[in-house]
Amino acid sequence: MSLQRLFNKFMADPLATTRSVWRKTVVDPMRYGSPAQRYDARRYWSNRFVRHSGSLRGPGDEGMSDAENRSEYAAAGERFLQLGRSLPLDFADASVLEIGPGTGYYTDLLRQLGVRRYTGLDIAGPLLPALAARFGDYAFAQADVTQLPLTAQFGVPYGAQYDLIVIIDVIEHIVEAQQLRAALAGLAALLAPDGRLLIAPLMPASRRHLFYVHFWSQDDVLAWAPALRLEKALPFRQGQLACLHRPPTAPQGAW
């Protein structure tokens with residue numbers, strides 16, 4: 001949340017805003033981990049999804065109303081569809097992996113694009129049964145993308161490769177560089193030759209924000225996924241939505 005938006009929230013409801021800031025900066029860091037150390041992401045997101053009962057405030061901005069989150073997601077969703085439709089990809093035949101489906105917002109957009117072969121992995125488990133019921137022909141499992149390899153017990157078959165991997169609103173919650181490097185290396189290895197990785201948000205500069213948020217830059221991601229090439233990028237919230245391409249023949253030793 002920007003400082004201007006936070007100020008507007010405070011002016012509209014100072015008590016609720018103060019409570020929210022206290023929880024984010026003091027209570028939650030003590031509950032889920034030190035601001036300077038790894039936090040318990042699985043427990044944090046499980047509790048947060050339960051607290052918001054499947055609304056977009058769970059994966060979105062808790063400081064915003066449901067209507068405000070829906071508006072932001074709608075704008076982001078249009079960018080996602082715009083980029084997706086520009087890709088030379090047969091969605092009906094593509095094998096797709098989504099990291100962090102959350103409430104299923106982008107999962108639904110992938111279905112609109114015609115995706116049939118889909119696997120979704122989320123670090124938190126509470127919403128997975130509802131997703132499985134809603135998207136009956138899609139596969140879902142609980143897994144941490146920073147814990148490699150993503151083998152069969154996590155819903156990814158041994159030797160699986162994907163034509164498209166989607167990871168939206170996830171990397172900023174991987175707060176340690178070593179963990180993000182591991183996640184990107186693992187995802188790059190899961191991409192089929194000529195496959196694509198859709199990733200957001202990529203921010204203008206790398207910086208730590210809250211105990212559970214670190215904004216990463218395009219330079220960070222490209223440096224830690226040397227086998228992938230930036231194909232295109234679109235504005236996305238305060239950053240970018242990027243498409244990274246794995247060339248049909250990856251450079252030797254790129255992994």
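Along the sequence shown, residues are numbered consecutively beginning with 1. Being a predicted model, the structure only gives us computed values, none of them experimental.
Pro248 and Pro193 make their closest contact through O-CB, 3.4 Å (heavy atoms, listed as atom of the first residue, atom of the second, distance). Considering every non-hydrogen atom in both Arg229 and Pro247, the closest pair reads CG-CG, 4.0 Å. Minimum heavy-atom separation, Thr103 to Leu56: OG1-CD2, 3.5 Å.
Looking only at distances, no side-chain donor or acceptor of Arg208 sits under 3.5 Å from a matching main-chain atom of His214. The main-chain N or O of Leu222 is never found under 3.5 Å from a side-chain atom of Trp224 such that the two would form a donor-acceptor pair. The backbone N or O of Asp66 lies less than 3.5 Å from no partner atom in the side chain of Arg57, so there is not a single donor-acceptor pair. Not one N or O on the side chain of Ser71 forms a donor-acceptor pair closer than 3.5 Å with the backbone of Ala67. Not a single donor-acceptor pair under 3.5 Å links the side chain of Asp220 to the backbone N or O of Trp216.
Annotation: side chain of Arg196 is in contact with side chain of Glu231 (closest heavy-atom distance under 4.5 Å). Side-chain contact between Tyr105 and Asp169 is absent, with no heavy atoms from C-beta onward closer than 4.5 Å. The shortest side-chain heavy-atom distance between Leu87 and Cys243 falls under the 4.5 Å cut-off. A 4.5 Å side-chain heavy-atom check between Thr119 and Val96 finds every atom pair outside the cut-off. Side-chain atoms of Leu184 and Ile199, non-hydrogen and from C-beta on, do get closer than 4.5 Å to each other. Side-chain contact check for Leu97 versus Val166: every heavy-atom pair is 4.5 Å or farther apart. The shortest side-chain heavy-atom distance between Thr107 and Phe140 falls under the 4.5 Å cut-off. Side-chain contact between Leu228 and Leu191 is present, with at least one heavy-atom pair separated by less than 4.5 Å.
Classified by interplanar angle (parallel below 30°, tilted 30° to 60°, perpendicular above 60°), the ring pair Tyr39/Tyr212 is perpendicular. Ring planes of Trp45 and Phe49: tilted class, angle from 30 to 60°.
The closest side-chain donor-acceptor pair between Asp219 and Ser217, if any, does not fall under 3.5 angstrom. Side-chain N/O atoms of Glu172 and His209 include no donor and acceptor closer than 3.5 Å. Using modelled atom types, one finds no donor on one side chain facing an acceptor on the other under 3.5 Å when comparing Glu98 with Tyr106. Between the side chains of His245 and Asp194, at least one donor N or O sits under 3.5 Å from an acceptor N or O. Under 3.5 Å, the side chains of Ser95 and Gln161 contain no donor-acceptor pair of N or O atoms.
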Show your working on side chain to side chain contact (heavy atoms under 4.5 Å, CB included) between Glu72 and Arg237 and close with a plain yes or no. CA-CA 8 Å; Glu72 283 223 344; Arg237 299 199 180 110; 3.9 Å; yes
Verdict with reasoning, Ile123 to Val145, per side chain to side chain contact (heavy atoms under 4.5 Å, CB included): CA-CA 8 Å; Ile123 195 170; Val145 70; over 6 Å; no
Audit row: Tyr138, Val115, side chain to side chain contact (heavy atoms under 4.5 Å, CB included) steps and yes/no: CA-CA 9 Å; Tyr138 287 0; Val115 170; 3.8 Å; yes
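We find the CG-CG distance between Asp122 and Leu131 to be 7.5 Å, quoted to the nearest 0.5 Å. With rounding to the nearest 0.5 Å, the separation of CG in Leu110 from CZ in Phe80 is 4.0 Å. Taking CG of Leu164 as the start and CZ of Arg117 as the end, the distance is 11.5 Å to the nearest 0.5 Å. Note: Leu241 CG to Leu202 CG = 8.0 Å, rounded to the nearest 0.5 Å.
In terms of hydrophobic clustering, with Ile, Leu, Val, Met, Phe, Trp and Tyr side chains grouped at heavy-atom distances under 4.5 Å, Val175 and Tyr44 are assigned to a common cluster.
Using a 4.0 Å cut-off between charged nitrogen and carboxylate oxygen, Asp93 and Arg116 do not count as a salt-bridge pair.
Contacts of Val170 classified as side-chain contact (heavy atoms from CB on, under 4.5 Å), with partners at least two apart in sequence or in another chain: Ile99, Ile167, Ile174.
Screening residues 75-91 for salt bridge (charged side-chain N to carboxylate O under 4.0 Å, His left out) gives no qualifying pairs among residues at least two apart or on separate chains.
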